[in-house]
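These notes concern the structure reproduced below.
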2 protein chains.
Amino acid sequence: MAEGHIRREAVSDQLFAVLRDRILGGELPAGAALTPERELAAGFGVNRHAVREAVKRLQQARLVEVSHGGRTQVLDWRRTAGLDLAVGIAAADTGPTVQDIARDALEMRACIGADAARLCALRCSARTAAEITAAAERHAHTGPDLTELDGTYVAWWRLIIEGSGNIAYLLAFNSLVDGMIPVADVPADLGAAEILDVEAHRRLAAHIAAREAGAAEELARELLTRSVPSAPRGCEGVRR
Amino acid sequence: MAEGHIRREAVSDQLFAVLRDRILGGELPAGAALTPERELAAGFGVNRHAVREAVKRLQQARLVEVSHGGRTQVLDWRRTAGLDLAVGIAAADTGPTVQDIARDALEMRACIGADAARLCALRCSARTAAEITAAAERHAHTGPDLTELDGTYVAWWRLIIEGSGNIAYLLAFNSLVDGMIPVADVPADLGAAEILDVEAHRRLAAHIAAREAGAAEELARELLTRSVPSAPRGCEGVRR
DNA sequence: CGGAAATACTGGTCCAACCAGTTGACCACT
DNA sequence: AGTGGTCAACTGGTTGGACCAGTATTTCCG
């Protein structure tokens with residue numbers, strides 16, 4: 001069972017990744033016309049249906065605009081693409097580095113997590129508050145395995161986000177968790193001070209149970225910003 | 001030309017919407033097996049490729065998990081789906097109402113917008129700060145047309161978000177703007193006090209230009225929370 | 001020259017296979 | 001009885017070709 005699973009990636013998935021990276025990398029600039037499906041199929045030596053599946057995904061990611069009969073146009077991803085694309089941007093070799101994206105995601109996590117803690121203290125049921133307390137305790141007694149710890153930690157935060165009653169936060173949380181899996185190094189490096197601080201988790205759970213919204217928000221923000229590198233990055237924000 | 005253009009939605013798009021709503025509506029619970037592609041094609045009277053394109057989109061939205069040879073499994077969207085799905089959730093007749101989603105999105109907008117204003121004051125270039133000031137002025141002199149006003153207002157906020165240098169914020173902003181278009185009623189109702197307060201926009205731009213991060217954050221939060229209904233919604237947060 | 005018709009694209013859909021994995025029933029062997 | 005292998009019947013993945021439905025371009029007539 002030690003053997004790694006030999007996963008053969010589907011053709012349309014590979015194609016999607018290639019086209020996505022071309023767009024995010026600037027090789028296909030906004031406004032340009034995407035190569036026609038038939039040409040792409042011929043060029044990559046695959047069937048047109050596979051190309052169509054890939055293009056359909058580009059369309060859903062709002063990276064292109066497809067018009068029946070006309071040409072498929074490349075959109076400006078900075079203006080249209082959604083949060084689910086963060087992982088793809090990191091994958092593209094051009095533009096922001098993985099570290100940049102990771103920092104941004106951590107910043108967003110702190111911002112949303114703090115507000116979710118506040119809302120959770122305001123709105124969650126007593127039962128949910130008890131669950132959060134129990135989960136904090138469970139996390140405190142989790143073995144030294146870092147992967148396992150990370151799992152219980154994420155599960156704990158999920159409870160808080162769910163308790164906030166804000167579905168947008170929940171979905172954004174999903175996007176961040178899912179997108180940061182391939183960038184798992186960062187939490188391992190900087191997150192120890194956050195994940196291992198059992199006492200802070202207990203206190204945050206207590207704040208929520210006591211309905212102390214302000215204190216919960218403050219503590220959550222402090223806890224979540226420990227992992228955010230306060231790097232003096234380039235002055236002009238979003239770079240290409 | 002008076003006839004409204006009869007836009008024939010693509011078959012795969014309709015199919016995607018139907019399956020998505022079935023999943024979000026709970027008709028296809030998490031863990032259940034999706035009907036095989038061939039059966040779906042036969043049942044809907046369409047070609048299997050159209051079904052495949054729809055399923056591929058479900059997969060990208062992380063609503064299902066497809067395994068070659070095995071059955072396609074329905075996932076728990078509350079644990080996997082990303083922010084781009086917010087609009088779909090509102091469309092499903094079961095679960096949260098459109099008002100719920102709108103409130104959540106407005107809350108998230110306030111949370112991110114405030115932090116983006118803070119970061120923008122800290123990190124944006126002088127040129128960007130000048131652009132933000134100019135855009136605020138431009139917005140102040142925009143005609144009484146509400147749609148037009150909304151456009152300049154969104155454009156102004158986009159500058160601030162971009163100036164924050166956080167790509168995650170930018171993408172989430174895109175998701176929110178894009179997702180709230182079909183729910184445009186809410187801003188029209190409650191957003192007047194926010195959109196029309198030209199003076200506050202000028203002050204916020206000035207705070208950013210003066211690098212007063214704290215003041216910028218505070219004002220942005222106050223401005224953005226005007227539209228958030230402080231409704232005493234159900235106690236237990238995320239409902240099905 | 002202007003505008004309508006013909007033409008050459010592009011994406012959208014369909015049919016009919018076949019390849020490639022998974023599953024489970026069945027049977028032979030230990 | 002339990003174990004292991006074989007095989008048939010699913011499942012999704014891919015291919016080819018054909019045709020429909022819109023759009024863009026060219027052509028050609030008035």
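To find a chain, count down the sequence lines: A is the first, B the second, and so on, and within it residues start at 1.
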Query - B/Glu131 with B/Arg127: basic N within carboxylate O range, under 4.0 Å - result: yes
With no angle test and no hydrogens, is the base of C/dG12 tied to the side chain of A/Arg48 by a donor-acceptor pair under 3.5 Å?
yes
To the nearest angstrom, the CD-P distance between A/Gln59 and C/dG11 comes to 12 Å
Here the distance between atom P of D/dG13 and atom CZ of A/Phe16, to the nearest Å, is 16 Å
Nearest of [options] to any side-chain atom of [X]?
X       : options                : result
A/Ala10 : D/dT15, D/dG13, C/dT13 : D/dG13
A/Arg71 : D/dG16, C/dT10, D/dT11 : C/dT10
B/Glu37 : D/dG17, D/dG13, C/dA16 : D/dG13
A/Arg52 : D/dT14, C/dG12, C/dT10 : C/dG12
B/Ser12 : C/dT13, D/dT11, D/dT15 : C/dT13
A/His68 : C/dG12, C/dC15, C/dT13 : C/dG12
A/Pro36 : C/dT10, D/dG12, D/dG16 : C/dT10
A/Glu39 : C/dT10, D/dT15, C/dA17 : C/dT10
B/His49 : C/dT13, C/dT10, C/dC14 : C/dC14

Worksheet entry | Residue pair B/Phe173 / B/Ile112, side-chain heavy-atom distance below 4.5 Å | no
Just so I know, are the side chains of A/Ile167 and B/Ile101 near enough to count as touching, which here means a heavy-atom distance under 4.5 Å? yes
message: Applying a 4.0 Å non-hydrogen cut-off, can you work out what B/Val46 is touching in the nucleic acid: base, sugar-phosphate, or nothing?
response: sugar-phosphate
So what does A/Val11 touch, heavy atoms closer than 4.0 Å: a base, only the sugar-phosphate, or nothing? sugar-phosphate
Next on the checklist: Is there a side-chain contact between B/Thr72 and the phosphate of D/dG12, meaning an N or O under 4.0 Å from OP1 or OP2?
Outcome noted: yes
Worksheet item: How about B/Glu107 and A/Tyr169: does a side-chain donor come under 3.5 Å of a side-chain acceptor?
Response: no
